> 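The structure's right below; bear with me while I get my questions together.
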Amino acid sequence: MKLVIPNIIWHGEKERIMSIAIHPTQNLLLTGGSDSKTAEKDSTYEDIGVIKMWTILENSTKMVEFAGAINSGHEQTVNCLKFSPNGKYFASGSDDYKIIIWSQQVRQVFGQSEPRLQWWPLSILTGHCKEIYDLQWSKNGEILVSGGLDKYVIVWNVKKQKQLQTLDGHTSYVQGVTIDPRLKSIVSLSQDRTARVWKLTKAQRKNLNNLQFYSQHVVRKLENSQKVDVQQINSQDQQQQQQIEEKKQNGIFLGETSLFTFVRRPDWSPDGSFYILPAAEFWVDNKPIMGAYGFLRQSPQVPCFFLPTNTPALVIRFCPKYFTRNPDIQQPLIDLPYKMIFAIGTVDSLLLYSTDSPTPLAIFGNLHYASITDICFRGSNLIAVSSCDGFCSFVQIEEGYFGQELPVEQLPEYIRVLYNNNDKIEEEDVSKKNEESKKQEIVTEQRVEYKDTQDGKKKKMIIPKTLQIDQQAQK
């Protein structure tokens with residue numbers, strides 16, 4: 001296992017990198033953030049949203065090579081990036097209140113002799129009224145969940161380009177969202193020091209066009225917190241003890257005064273058996289210990305384990321692979337017929353865990369000069385980390401380090417069904433794409449019209465509004 005920090009200016013000398021994503025099958029890495037643009041008239045600087053593409057190099061100390069940038073689409077900082085499970089699309093969320101779904105299309109751009117396969121905007125999802133901090137795809141690639149500064153969690157149908165539901169309940173910024181791989185619940189984490197578990201209604205479980213969730217649990221504090229008998233102590237000690245108890249009862253998550261950060265990104269395990277929440281604290285001997293809580297899907301409101309960290313935990317990410325169990329392990333973190341790997345990113349460190357043990361497999365400290373913003377796995381041999389200091393770091397992992405990988409065919413049935421529908425989103429007609437590419441148009445907005453049908457009813461129609469691409473900007 002080797003740590004590599006390439007000496008690359010990723011997004012300008014003083015620009016943050018807010019998100020990082022790796023394509024599930026291609027050697028493609030994306031970074032999202034901002035970049036400074038010089039205005040021609042007054043020579044002032046303004047931050048614009050940018051997504052940069054990098055080719056992952058095999059067996060090279062450089063790690064990546066610049067492959068291009070997407071400077072159009074977002075007007076402000078890009079805070080989150082996620083590839084769809086099948087890799088056909090990726091979604092980006094920004095400070096400009098927009099989510100853009102990008103797809104690979106063959107188009108000819110000004111200055112190129114032949115058409116090339118490039119990423120182009122497929123649709124724009126508008127519904128948030130403030131900055132978007134996090135988003136997550138469903139396992140089947142049809143549903144997207146987002147959260148942001150407006151305190152809302154929004155559920156989208158990507159195929160229909162439709163906003164299904166706005167979940168309202170948090171009293172402060174929503175800084176992290178994650179969706180159950182089995183598509184039965186959503187978990188959101190907010191700066192209001194609560195996590196909310198949103199449960200899918202039974203009546204809508206088979207209707208992806210009209211999914212509806214309700215607030216099932218609000219995770220705020222431990223149900224069985226320690227109580228102290230204060231009758232045998234004097235009034236002054238009693239007052240101090242009550243203050244300590246009040247602090248302990250305030251919650252299990254860090255507040256804004258203890259942790260001011262842009263992200264608190266949770267994650268579900270790939271099999272959907274449990275999820276982990278960062279930005280947590282646990283009280284021992286009247287002192288808080290920072291870390292992350294794990295919750296089983298059978299009891300989504302009660303923590304089943306706590307993993308301590310030296311500094312506040314910010315990001316949780318799971319490796320997409322499964323591994324054989326170590327038969328010598330007697331007390332695993334979670335008893336499963338297989339092993340999973342996950343990473344915890346703190347303000348300054350990266351911790352690797354397996355479900356086989358409550359102790360970390362590895363700890364990488366003092367990675368960056370500023371807090372970690374995102375983590376992503378490339379299979380089981382590479383981990384990429386982004387930071388507010390404008391740099392990215394990588395952990396190279398030897399083959400077999402985590403154990404023998406288990407193919408999907410050898411996993412239990414309840415896991416195999418999760419991988420059967422990853423290509424459910426139908427591809428557009430190729431001839432239609434070619435016609436659109438000749439027009440050099442992208443869909444940027446939508447308007448709704450109601451058309452009278454033969455039976456006297458009104459049919460809702462979504463009419464796309466198009467905008468000509470600035471060909472000079474695509475050079």
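Note that the structure is predicted; figures quoted are calculated from it, not measured.
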> Which heavy atom of Gln105 sits nearest to which heavy atom of Ser103, and what is that distance?
NE2-OG, 2.9 Å
> Provide the closest heavy-atom pair for Ala292 versus Ile316 in the form atom of the first, atom of the second, distance.
CB-CD1, 4.2 Å
> Going by heavy atoms in the side chains, are Gln301 and Gln216 under 4.5 Å from each other?
no
> Looking at Lys52, I'd like to know if its NZ atom is crowded, meaning that more than 12 non-hydrogen atoms belonging to other residues, nucleotides or ligands lie closer than 6.0 Å.
yes
> Between OG of Ser269 and OH of Tyr322, what distance do you get to the nearest 0.5 Å?
7.0 Å
> Taking side chain to side chain contact (heavy atoms under 4.5 Å, CB included) as the criterion, tell me which of Ser94, Ser92, Ser123 meets it with Ile100.
Ser92
> Quick one: do Trp156 and Ser146 satisfy side-chain contact (heavy atoms from CB on, under 4.5 Å)? Show the steps, please.
CA-CA 8 Å; Trp156 311 85; Ser146 59; 2.9 Å; yes
> Please round to the nearest 0.5 Å and tell me the distance separating atom CG of Asp150 and atom CD of Glu131.
9.0 Å
> For a quick check under 3.5 Å, do Ser386 and Thr373 share a side-chain donor-acceptor pair by atom type?
yes
> Just wondering, more than 12 heavy atoms not from Phe394 lying within 6.0 Å of its CZ?
yes
> Between Phe262 and Tyr133, how do the two ring planes meet: parallel, tilted or perpendicular, split at 30° and 60°?
perpendicular
> Considering residues, nucleotides and ligands other than Tyr369, do more than 12 of their heavy atoms fall under 6.0 Å from its OH?
no
> As an exercise, state the distance from CD1 of Ile375 to SG of Cys319, rounded to the nearest 0.5 Å.
12.5 Å
> Which of these passes ring-ring contact (aromatic ring centres under 6.0 Å, His included) with Phe318: Tyr275, Phe342, Phe377?
Phe342
> Of Arg264, Lys82, Gln175, which meets side chain to side chain contact (heavy atoms under 4.5 Å, CB included) against Asp134?
Lys82
> Describe, in one word, how the ring planes of Tyr293 and Phe253 are oriented to each other, choosing from parallel (under 30°), tilted (30 to 60°) and perpendicular (over 60°).
perpendicular
> So if I apply the side chain to side chain contact (heavy atoms under 4.5 Å, CB included) rule between Pro300 and each of Asp180, Val197, Val187, which one comes out positive?
Val197
> List for me each residue that meets ring pair (Phe, Tyr, Trp, His ring centres under 6.0 Å) alongside Phe66, sequence neighbours excluded, and say none if there are none.
Trp54
